[in-house]
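A quick write-up on the structure given underneath.
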Amino acid sequence: MPVLSPTSSSSSSLVFTCFFIILFVTINSSNPVTITTKAKRPPRQLSVNYYAKSCPQVEQLVGSITSQQFKETPVSAPATIRLFFHDCFVEGCDASILIATQPGSKILAEKDAADNRDLRTEGFDTITRAKALVESKCPGIVSCADILAIAARDFIHLAGGPYYVVKKGRWDGKISMASRVPNNLPHANSTVDQLIKLFSSKGLTIQDLVVLSGAHTIGFAHCKNFVDRLYNYEGTKQADPAIDPRLLKALKMSCPQVGGNDDIVAPFDVTTPFVFDHAYYANLQSKLGLLASDEGLFLDPRTKPLVQSFGLDKAKFFLPFSAAMEKMGSIGVKRGRRHGEKRKVCSIHM
């Protein structure tokens, strides 16, 4: 998802819008002796039942917040899903995206990086509310990172997408630096080559790239992310020929070349912008992709067959999407106090 995530939106513009390693050394002699060197204990793996004893109600607690947020501010769904993507791709899934820049600090936190300035406050608000409720019932137990992973899943399901189990056990990261953001996130004009390279660096395949891009079935993007496609595609001073003329006309009306409203947004999925379905892929085949990085998936022979397959059958999209979300949710996971912490307030580093 080329800007990976379901993306930013504006409530005023919703219209258009890792074994034990045991080394056996056998010494061949009349009395063979097997020497076993003690290996380091492996880090505890993520588990669906990680909080079964310490906070068994965590999913219900988070769920009560996400369901309320979805009813009151539907934009919380794409906002939180995008937040999860942006978190996992920078430093791993460790809630470092939630840390606020300390007053007077010369080092900006991730959330203040240029690529993250459009992240909607509704995503942050959802996690803040969910964390407060969980802390009131299970103080010091559940990480912000796990709450974010659960909330993203909840919103995907609430919007009509698949329900999948979330493995837990992540600790919150201690590092959050804006300087580490730019080279770790996809961009609106990223080429398929660039996207494949980036996703591969995260342990994700070409299929993962295409299926996770499908999260753009909901959410919106600001004009600045696609305005060049409308007026000066790749420096040609012409519109991108891979845009349907009717969509081009509508986008130009909302996003003038100069002097436009910075708050104006357009939906990634122009047919069913508020429903998590597979229409995104059909749209790409009809030249209705909003971002150049989206439409590029249909134009490249390495990704085109996947776009066509996911566009035919929602089940063919939902199953691999659930698997890819679990895979992405395991990127760079922190475990234990040496590498992580359990923040009581997600925005404040302990």
Side-chain angles (χ1 to χ4, degrees), residues 4-5 18 40-47 50-51 54-55 58 61-62 79-117 119 121 123-136 138-153 166-185 198 201-204 325-350:
L4 217 189
S5 43
C18 185
K40 290 183 179 180
R41 186 174 182 177
R44 187 172 182 177
Q45 301 300 299
L46 296 181
S47 167
Y50 187 85
Y51 298 112
S54 58
C55 189
V58 61
L61 293 171
V62 175
T80 305
I81 298 168
R82 184 186 186 199
L83 197 60
F84 185 51
F85 285 127
H86 280 229
D87 182 47
C88 290
F89 266 62
V90 183
E91 297 297 334
C93 306
D94 62 355
S96 54
I97 186 70
L98 304 177
I99 297 177
T101 300
Q102 296 302 304
S105 175
K106 294 182 178 180
I107 301 178
L108 295 178
E110 286 177 32
K111 67 182 297 183
D112 292 318
D115 295 280
N116 287 330
R117 287 174 187 163
L119 292 173
T121 58
F124 293 96
D125 291 344
T126 294
I127 306 307
T128 297
R129 293 182 59 189
K131 177 61 173 177
L133 179 59
V134 172
E135 280 294 311
S136 71
C138 311
I141 300 296
V142 183
S143 68
C144 299
D146 278 341
I147 290 175
L148 178 53
I150 294 169
R153 185 277 316 278
V166 174
K167 292 184 178 180
K168 298 166 284 288
R170 302 167 186 81
W171 285 54
D172 299 325
K174 300 178 180 180
I175 299 173
S176 182
M177 299 172 63
S179 61
R180 300 189 180 184
V181 172
N183 294 330
N184 284 293
L185 289 179
L198 175 60
S201 73
K202 308 300 178 184
L204 300 172
M325 285 296 288
E326 179 181 338
K327 190 174 179 180
M328 188 189 76
S330 299
I331 296 174
V333 166
K334 312 296 187 298
R335 300 181 183 92
R337 298 190 181 282
R338 181 178 178 182
H339 303 289
E341 60 186 8
K342 297 285 184 72
R343 296 199 289 273
K344 292 184 179 297
V345 177
C346 295
S347 61
I348 302 176
H349 172 53
M350 293 172 61

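- Considering every non-hydrogen atom in both G329 and C88, the closest pair reads CA-SG, 4.4 Å.
- Here the straight-line distance linking atom OG of S143 with atom NZ of K334 works out to 11.5 Å at 0.5 Å rounding.
- Screening H86, K111, R82 against N116 for a side-chain hydrogen bond (donor to acceptor under 3.5 Å, both in side chains) leaves a single residue, H86.
- The line from CG of D125 to OG1 of T80 is 9.0 Å long, rounded to the nearest 0.5 Å.
- Atom CG of residue D112 and atom CD1 of residue I99 lie 11.5 Å apart, to the nearest 0.5 angstrom.
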**OP:** Show your reasoning for whether side chain to side chain contact (heavy atoms under 4.5 Å, CB included) applies to W171 and H339.
**Re:** CA-CA 8 Å; W171 285 54; H339 303 289; over 6 Å; no
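- The closest side-chain heavy-atom distance from I331 to L204 is below 4.5 Å.
- Checked against I127 for a side-chain contact (heavy atoms from CB on, under 4.5 Å), the options I150, V62, L148 give a single hit: L148.
- Just one residue in the list K342, K167, R170 forms a side-chain hydrogen bond (donor to acceptor under 3.5 Å, both in side chains) with D146, and that residue is R170.
- Nearest heavy-atom pair, A145 versus D172, reported as atom, atom and distance to 0.1 Å: N-OD1, 2.9 Å.
- The side-chain heavy atoms of L98 and K131, taken from C-beta on, include no pair separated by under 4.5 Å.
- Between S176 and I97, the closest side-chain pair of non-hydrogen atoms is not below 4.5 Å.
- Summarising the geometry, atom CZ belonging to R343 is positioned 5.0 Å from atom SG belonging to C144; distances are rounded to the nearest 0.5 Å.
- Taking the side chain as every heavy atom from C-beta outward, D115 and P182 approach each other to under 4.5 Å.
- By the 4.5 Å heavy-atom criterion applied to side chains, S330 and L46 are counted as neighbours.
- In this structure a side-chain-to-backbone donor-acceptor pair under 3.5 Å is present from E135 to G140.
- Counting heavy atoms from C-beta outward, L61 and I147 have side chains that stay 4.5 Å or more apart.
- Closest heavy-atom contact between I141 and C55: CG2-CB, 4.1 Å.
- Side chain of T128 to main chain of F124: a donor-acceptor pair is present (N/O by atom type, distance under 3.5 Å, no hydrogens or angles).
- Both tests do not hold together for K168 against Y51: distance to the six-membered ring centre under 6.0 Å, angle to the ring axis within 45°.
- Side-chain contact check for F84 versus R153: every heavy-atom pair is 4.5 Å or farther apart.
- By the 4.5 Å heavy-atom criterion applied to side chains, H349 and K174 are counted as neighbours.
- For the side-chain contact (heavy atoms from CB on, under 4.5 Å) with V90, the qualifying choice from I175, N183, N184 is N184, the only one to do so.
- Contact detail for E91 and S96: the closest heavy-atom pair is CB-OG, 3.8 Å.
- When all heavy atoms are compared, the tightest approach of D87 to A95 is OD2-N, 2.8 Å.
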